[in-house]
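Encoded as structure tokens, the structure appears first; notes follow it.
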Amino acid sequence: MRLHRTKLPVTMRSLGDTYVRREFRLHYEPDVKEAHREMFLREWHGYCQTISAQENVVGKELTSEQRGKLNNEQKKQLGNLEKEAKSLNN
């Protein structure tokens, strides 16, 4: 979230920080499989590298492979996140 403070506009930071906190809490529950936790951390590190490399954070589209790995709840959550992010730009 330190990276969010330096890279994201205030409106995106608020949304992003809330999302990040929730995801970290979910992936560090005792019943989460280690493989899922490791996959989450790999993706998190990739996200950090992506926004670190961008002068202005504009995001990155998910690949069809990444979208295919999402379950229905994750797809719904992604749709809600996208809708919320777009409403911040208006």
Side-chain angles (χ1 to χ4, degrees):
M1 289 193 304
R2 280 179 254 150
L3 192 55
H4 282 182
R5 281 194 296 269
T6 60
K7 293 297 238 174
L8 297 180
V10 175
T11 53
M12 288 178 71
R13 187 178 334 144
S14 173
L15 180 63
D17 287 353
T18 301
Y19 183 76
V20 168
R21 282 187 196 100
R22 182 176 179 274
E23 287 300 307
F24 268 93
R25 282 188 196 113
L26 287 174
H27 285 89
Y28 278 88
E29 292 286 326
D31 61 336
V32 172
K33 294 180 182 175
E34 189 60 29
H36 289 139
R37 188 173 294 125
E38 288 172 5
M39 183 172 56
F40 168 73
L41 288 174
R42 255 192 326 274
E43 293 301 320
W44 174 252
H45 288 249
Y47 165 77
C48 289
Q49 288 175 341
T50 298
I51 67 170
S52 292
Q54 294 176 344
E55 176 100 12
N56 296 312
V57 177
V58 293
K60 181 179 172 186
E61 289 290 325
L62 292 177
T63 65
S64 57
E65 179 184 352
Q66 289 170 323
R67 283 189 178 273
K69 291 179 180 178
L70 298 176
N71 64 34
N72 288 336
E73 179 62 27
Q74 290 168 322
K75 289 176 184 174
K76 181 180 175 185
Q77 187 178 14
L78 182 62
N80 290 339
L81 182 61
E82 183 178 20
K83 190 184 311 177
E84 183 70 23
K86 286 181 180 177
S87 75
L88 296 173
N89 287 331
N90 294 332

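Keep in mind the model is a prediction, meaning the values are calculated, not measured.
Within 6.0 Å of CG in Asn72 there are 12 or fewer heavy atoms belonging to other residues, nucleotides or ligands. Counted within 6.0 Å of NZ on Lys75, heavy atoms from surrounding residues, nucleotides or ligands total more than 12; the atom is thus considered enclosed.
The hydrophobic cluster around Leu70 extends to Leu62, Leu78, counting ILVMFWY residues whose side-chain heavy atoms fall within less than 4.5 Å of a member.
Residues satisfying the side-chain hydrogen bond (donor to acceptor under 3.5 Å, both in side chains) test with Ser64, not counting sequence neighbours, are none. Judged as a salt bridge (charged side-chain N to carboxylate O under 4.0 Å, His left out), and not counting sequence neighbours, Glu23 has no contacts. Every residue meeting the salt bridge (charged side-chain N to carboxylate O under 4.0 Å, His left out) condition with Lys69, not counting sequence neighbours, appears here in chain and number order: Glu65. When the side-chain hydrogen bond (donor to acceptor under 3.5 Å, both in side chains) test is applied to Tyr47, the partners found at least two apart in sequence or on another chain are His4. In terms of the side-chain hydrogen bond (donor to acceptor under 3.5 Å, both in side chains) criterion, residue partners of Glu82 (sequence neighbours excluded) are, by chain and number, Lys86. Every residue was checked against the side-chain hydrogen bond (donor to acceptor under 3.5 Å, both in side chains) condition with Gln74, not counting sequence neighbours, and none meets it.
Rounding to the nearest 0.5 Å gives a distance of 8.5 Å between CZ of Arg13 and OG1 of Thr6.
Scanning both residues, Leu3 and Cys48, for their nearest heavy atoms gives CD2-O, 3.5 Å.
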In a table with atom names and distances, give each donor-acceptor pair under 3.5 Å that connects a side chain of residues 33-42 to protein atoms at least two apart or in another chain.
from	atom 1	to	atom 2	distance (Å)
Glu34	OE1	Arg37	NH1	2.9
Arg37	NE	His27	O	2.7
Arg37	NH2	His27	O	3.4
Arg37	NH2	Glu29	O	3.0

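Under the 4.5 Å side-chain heavy-atom criterion for grouping Ile, Leu, Val, Met, Phe, Trp and Tyr, Trp44 is connected to Ile51 within one hydrophobic cluster.
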